[in-house]
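All remarks here apply to the structure that follows.
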2 protein chains.
Amino acid sequence: MLSHKAKYALKALLYLAQQEETHVSRTIEIAEAASIPKKFLEQILLDLKRGHFVGSKQGKFGGYYLLKSKNDITLADIHRLFDGAIALLPCASLNFYERCSDCVDESECLLRHGLITIREETLKAMEGITIASLVKK
Amino acid sequence: MLSHKAKYALKALLYLAQQEETHVSRTIEIAEAASIPKKFLEQILLDLKRGHFVGSKQGKFGGYYLLKSKNDITLADIHRLFDGAIALLPCASLNFYERCSDCVDESECLLRHGLITIREETLKAMEGITIASLVKK
DNA sequence: AATTAATTCTATAAAATTAGTAGAGTTTAA
DNA sequence: TTAAACTCTACTAATTTTATAGAATTAATT
């Protein structure tokens with residue numbers, strides 16, 4: 001399941017994607033339009049900025065805008081940024097790989113093979129959903 | 001990501017699936033073979049029993065055994081039993097549907113459509129992984 | 001230079017969830 | 001009657017999540 005953070009991030013990105021290219025959106029404006037607690041959204045937008053998904057303009061009349069093309073921001077990206085691994089266990093993850101502490105011999109693990117299959121399928125699906133594809137629908 | 005509970009449940013089921021059909025396995029035997037804390041495993045096996053995946057024999061020489069065919073226990077089943085919804089948000093879930101509190105009009109939600117697509121794909125993949133398919137690998 | 005309105009940053013807190021432990025109770029075979 | 005197993009309820013500790021608070025910084029305007 002997605003965390004609230006990831007859900008709010010997606011809603012904020014969808015909001016930004018629906019504005020004119022030149023428009024910068026204030027946090028309060030996004031918060032109200034997408035029903036997100038404002039102070040929480042501040043953190044989320046900073047995370048999105050650090051992830052190079054959005055850019056910001058400081059000071060009066062400042063705000064946020066999409067930095068990446070909406071075609072290049074996928075559900076997988078946002079999941080990874082806020083909720084980490086796509087895979088069901090760290091040992092089956094590409095970007096967040098970690099060995100299981102209770103694992104004796106990873107190559108012998110019956111579970112891992114199946115989980116890698118799931119990750120491949122899920123990732124394919126999640127990379128197919130972009131901010132642009134969501135806005136179009 | 002899977003919880004430890006779900007992971008342990010799968011490891012326990014894999015252990016049971018590898019025993020002879022007539023064999024009943026004691027909790028301590030499964031715990032040691034699969035490196036699972038014994039008292040924690042007790043709870044998990046009870047959950048699996050309540051979910052009708054395993055059966056038990058009480059008293060001396062008692063233990064657990066597979067109740068369902070290993071072909072009929074899927075990753076999706078175990079995920080749902082221990083970790084709940086497969087979907088990324090409750091509003092996109094079949095079995096754990098719940099409306100988002102911050103949602104104004106669900107039919108207008110841009111996010112939901114995409115998440116339903118993801119759920120369909122993920123579910124298909126997870127239903128394809130059975131205890132039997134894992135043991136064969 | 002002062003004011004206003006915005007982002008940025010750090011710390012904190014409350015709530016929920018997860019992971020695991022403890023111990024008494026019940027059942028069954030020998 | 002005893003031993004060895006499952007069953008059940010309660011509890012605890014740690015972690016993560018979901019925020020909130022407030023000061024600092026930045027930039028445009030007057």
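Proteins come first, then strands; the chains are lettered A, B, ... in the order of their sequence lines, and each starts at number 1. What you see is a predicted model, and the numbers here were worked out from it, not measured in a lab.
OP1 and OP2 of C:dT7 both lie 4.0 Å or more from every side-chain N or O belonging to A:S56. In terms of phosphate contacts, A:K49 brings a side-chain nitrogen or oxygen within less than 4.0 Å of OP1 or OP2 of C:dT8. Contact between the side-chain N/O atoms of A:Y65 and the OP1/OP2 oxygens of C:dT7 is not found at any separation under 4.0 Å. For C:dC9, one of the phosphate oxygens OP1 or OP2 lies less than 4.0 angstrom from a side-chain nitrogen or oxygen of A:R50. Distances shown here put a side-chain N or O of B:T27 below 4.0 Å from the OP1 or OP2 atom of D:dC6. Of the side-chain N and O atoms in A:Y8, none sit less than 4.0 angstrom from OP1 or OP2 of D:dT18.
Here the OG-CZ distance, from A:S93 to A:R119, works out to 7.0 Å after rounding to the nearest 0.5 Å. Separation of atoms NE2 (B:H52) and CG (B:L81) is listed at 10.0 Å; rounding is to 0.5 Å. To the nearest 0.5 Å, the span separating CD1 on A:I44 from CG on A:L48 amounts to 8.0 Å. Within the model, atoms CD1 of A:I30 and CD of A:Q19 stand 8.0 Å from one another, a figure rounded to the nearest 0.5 Å. Atom CG of B:L134 sits about 6.5 Å away from atom OG1 of B:T130, to the nearest 0.5 Å. Atom NE2 of B:H113 sits about 14.0 Å away from atom CD1 of B:I118, to the nearest 0.5 Å.
The interatomic distance linking B:R26 (CZ) with D:dT7 (C1') rounds to 18 Å, in whole Å. What separates NZ of A:K11 from P of D:dT18 is a distance of 13 Å, to the nearest Å. Rounded to whole angstrom, the span from the NZ atom of A:K60 across to the C1' atom of D:dA28 amounts to 6 Å. In this structure, the CZ atom of A:F61 is 7 Å from the C1' atom of D:dT29, given to the nearest Å. Atom CZ of A:F40 and atom P of D:dT16 are 15 Å apart (whole Å). Between A:K39 atom NZ and C:dC9 atom P the separation is 13 Å, expressed in whole Å. A straight line from CG of B:L41 to P of D:dC6 spans 9 Å, rounded to a whole angstrom. Atom-to-atom, CD1 of B:I28 to P of D:dA5 comes out at 9 Å; the value is rounded to the nearest Å.
Of all nucleotides listed (C:dT7, D:dT7, C:dG20), D:dT7 comes nearest to the side chain of B:Q58. Listed nucleotides: D:dT18, C:dA19, D:dA28. Nearest to the side chain of B:H4: C:dA19.
Annotated stems with DNA chain C as a participant read C:1-30 with D:1-30, given as range with range, by first number; only runs of 3 or more Watson-Crick or G-U pairs under 3.5 Å qualify.
Looking at which nucleotide of DNA chain D each of B:L46 and A:G59 is closest to, the 5′-most match is held by B:L46.
Residue-to-nucleotide contacts include no donor-acceptor pair under 3.5 Å from the side chain of A:Q43 to the base of D:dT18.
More than 12 heavy-atom neighbours from other residues, nucleotides or ligands sit within 6.0 angstrom of CD on B:E106.
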*Take B:K38 and B:E42 through the salt bridge (Lys or Arg N to Asp or Glu O under 4.0 Å) test and state the conclusion after the steps.*
CA-CA 6 Å; B:K38 193 216 166 200; B:E42 283 181 8; 3.4 Å; yes

